[in-house]
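Reading through the structure tokens given below for one structure.
Just so we're on the same page: letters track the sequence lines, and every chain starts at 1.
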There are 2 protein chains.
Amino acid sequence: MLMAGRHIVLIEDDALMGNSLVQRLELEGADVTWVRQAVRGVAAVRTPRKPVDAVVCDIRLPDGTGEEIFDTLSRTIAPPPFLFITGQGEIDQAVRLLRAGGADYMTKPFEMPAFLARLAQILRPDEGEALPARTGISPLARQIDAQVAAFARQEGPVLIRGGRGLGKARLARRIHDLSERRSAPFVAVNAFREEASAEALEAGAARASDGTLFVHGIGRLDAAAQDVLLGGLGQAPFRLIASCEPRIDLQEQEGTFRGDLLYALAANEIVVPPLAERGEDAVWLAGQMFNALNAGRETALRGLSDLALAAIRDHDWPGNGRELRARLLRAMSVASGDWIHPADVFPELQTGGDSLETLAEARESAERRQIIRALEHTGGQVSEAARLLRVSRTTLWEKMQKLGL
Amino acid sequence: MLMAGRHIVLIEDDALMGNSLVQRLELEGADVTWVRQAVRGVAAVRTPRKPVDAVVCDIRLPDGTGEEIFDTLSRTIAPPPFLFITGQGEIDQAVRLLRAGGADYMTKPFEMPAFLARLAQILRPDEGEALPARTGISPLARQIDAQVAAFARQEGPVLIRGGRGLGKARLARRIHDLSERRSAPFVAVNAFREEASAEALEAGAARASDGTLFVHGIGRLDAAAQDVLLGGLGQAPFRLIASCEPRIDLQEQEGTFRGDLLYALAANEIVVPPLAERGEDAVWLAGQMFNALNAGRETALRGLSDLALAAIRDHDWPGNGRELRARLLRAMSVASGDWIHPADVFPELQTGGDSLETLAEARESAERRQIIRALEHTGGQVSEAARLLRVSRTTLWEKMQKLGL
DNA sequence: TCGCGATGTTCGGATTTCCGAACACCGGCG
DNA sequence: CGCCGGTGTTCGGAAATCCGAACATCGCGA
């Protein structure tokens, strides 16, 4: 059981080879996803049902090459370790792939023990359940947790970027608590209040002493206050953690925010994506909050119904975690039976509990949501939205017609 | 002169090949040590007469193999970057060498330009502190370096024009260090801070004595301060080097900047184009910075993957070198494997940032969710789930394949 | 043992989707 | 005024998706 519980994606079109690999890997306790085509491989790695620990990838596939798969994936994510296998190896290709970040390269036929040994060697180290989920259970959330842990071990300022209600202050606090400075003070300054003048900042820094100074909404600081921070960066005893909106670069372009301060901070940056982009986290968070709130009730509720969870997963959460909390509080106070129903969480919908959405319907509503999101993002610019969504302007127009947007 | 002053060890027993390589490398300014035997190679690298920046190593040698050389060296020291060349390549060998830490692997015969490019890419960073890094390898950067050298040999004020984060201060420093005045003081005044009043300038000039006075952001000076400089230009003992934004002519039009001061300076002008206009320099710089930063880590990274380099070349770099540095720092702190991937350098590509989920991705994950829901609903019965989802069993099967379920 | 229903898989063709090109149109902007 | 960039709309062909038909299996109960 070399690979107990590890998730391995196998991209291989040859039936014989595929079968024997799947068989052997499952014998080793691995959880194997076998696909036969390049596009499917990309899908299986990019949106996996559970995190991928390694990919075993044939190079010649009916609809593309393993190289293309790796390329495509690398553009958007840090791909899992790739072990390429091919019948017709070329040296240049091998060199190219390894230099591009592939983990290993073997030519068929190979001995199974050698294959297993090399695969075991490249397997992503088991992070598994050792680290409890804090921010969420999605790959994105796990990455954030990993970054928090990493930054806690280091020194240097940290910038936390993300929308409202995503718990940026909590992340800052966690970095402090996990760091060497945990016994020193943690001082928070909120630039959205008036307290964030240059003097107030200096006072905060003094209070922080050799602890952590957290500046919430650093983009709001005036020039003098920015100078205080910039001046302190080099020698000040405290550690600076700052938070800001997702799009701080805009303020830099306007000239209200100093580029050098931004880049000094951006070296250690955590980007917290909105809840809407990680529905599984919304469900997980709802569960966590429910349990916490339920413990404090005199009459305990049973839980969130499946339909409610589905609705939570698909909601847009413009207010992120804060909205989730508010809705859950409301739902738990108005819930009539043992279970929380979708209508309790989303009273504005008044949905009747009908049967399962058709696949086409699900696809359609997902498209609608995404299109609306994109249009909001671009301020209604259709061409720009089309580019974001990676479809032609024509196609987007057509879809908008069909969906009545 | 891609490799001016760099020390390259060439281990090659073939006289013809060896000769032509030595000739070509010396043409590029390299300092080549050519040995014909494995034992000599080990000695030449282990106890060099000057630090080795790279090793070009044949695999088949009369008294051993290149692999053995690398192996032997790795046991006792961190070997310099190895570029293996061989007439009889084997894939397994190439993979083994690259995984062991070799930098590159080429088969003979090869084109000389390709060889030089790949060698240049792996060269250890220039550590000579005497002459800090050059500006880059692009024709534009070379021209800048030439100008710096030329102005260092002359007298007279210099104006360095260019956007933020392009190292204008470093260029000024280099001019000073290369000039006759190198033993006199180099005084920098930053007009973006308050320190740049007329009095502060006079004080700076006094401190500079007969050295160099560097004024950063000369366009920001007020009228009195400009007068100080203009008055000093003729007879003052110090040499003036000024930097300003790319478009200083605008400020002149506004009347906030004196034309005569501008024209006095503009006679010796260096224009530093933004990094976006010379992608090769961005790649080169990234390599330099990576190596410098990597040296200070406890767990060394292998390098920037070729895909990451390609992404760096194509990025827009609005923050120029400063942004590059910040991104690289970030990437190196979050990198998960041995290599730095594009997504580590450009995290905004994978989340919120500027691009949200592609329409196809949104559709895909919606489908995945709905299919899983349906399958849960039917207890894994595929046909039944297909009926619920209103698609044919075949289609559902196909989708499950694609999504790796 | 056979029959039955479900699954895994392939194939060819009908249908839909997607895209680029093209054209008209509109509102700023110099 | 003309130019430019964006939008609304149509069209034809390329590419994908979807489906039914077909066939081999497989497990299970009669």
For this session: Take the protein atom CH2 of A/W397 and the nucleotide atom P of D/dT9, then report the distance between them rounded to whole Å.
Result: 5 Å
Problem set entry | Any N/O donor-acceptor pair, B/R393 side-chain to C/dG8 base, under 3.5 Å | yes
Problem set entry | Euclidean distance, atom CD of residue A/Q37 to atom P of C/dT10 [Å, nearest integer] | 10 Å
For this session: Hey, which sits more toward the 5' end of DNA chain C by its nearest nucleotide, A/L396 or A/W34?
Result: A/W34
Problem set entry | Donor-acceptor pair under 3.5 Å, A/T394 side chain vs C/dG20 base | yes
Exercise. D/dA16 P sits how many Å from A/R40 CZ, rounded?
Worked result: 12 Å
Problem set entry | Between P of D/dC18 and CZ of B/R390, the distance in whole Å | 16 Å
For this session: For B/I371 and D/dT17, give me the distance from atom CD1 to atom P, rounded to whole Å.
Result: 13 Å
Exercise. Between A/Q401 and D/dT9, does any side-chain N or O lie under 4.0 Å from OP1 or OP2?
Worked result: yes
Atom pairs and distances, side-chain donor-acceptor, residues 394-405 of chain A, under 3.5 Å, sequence neighbours left out:
residue : atom : partner : partner atom : Å
A/T395  : OG1  : A/S392  : OG           : 2.9
A/K399  : NZ   : A/E367  : OE1          : 3.4
A/K399  : NZ   : A/E367  : OE2          : 3.1

Problem set entry | Check: B/R161 side chain, B/V272 main-chain N or O, donor-acceptor pair, under 3.5 Å | no
For this session: Determine the minimum heavy-atom distance between A/T86 and A/D58, stating which atoms define it.
Result: CA-OD1, 3.9 Å
Seminar exercise, completed: In terms of heavy-atom contacts, A/H7 and A/P51 come closest through CB-O, 3.2 Å
Exercise. Taking only side-chain nitrogens and oxygens of B/T395, does any of them come within less than 4.0 Å of OP1 or OP2 of D/dC18?
Worked result: no
Problem set entry | B/E398 CD - C/dG12 P separation (whole Å) | 15 Å
Exercise. When the ring planes of B/F346 and B/H315 are compared, do they come out parallel, tilted or perpendicular, using 30° and 60° as the limits?
Worked result: tilted
Problem set entry | Between P of C/dC18 and CZ of A/R387, the distance in whole Å | 19 Å
For this session: Answer yes or no: does a side-chain N or O of A/K402 lie under 4.0 Å from OP1 or OP2 of C/dT17?
Result: yes
For this session: Nearest whole angstrom, please: distance from the P of D/dC18 to the CE of B/M400.
Result: 15 Å
Exercise. Does OP1 or OP2 of C/dT17 have a side-chain N or O of A/R363 closer than 4.0 Å?
Worked result: no
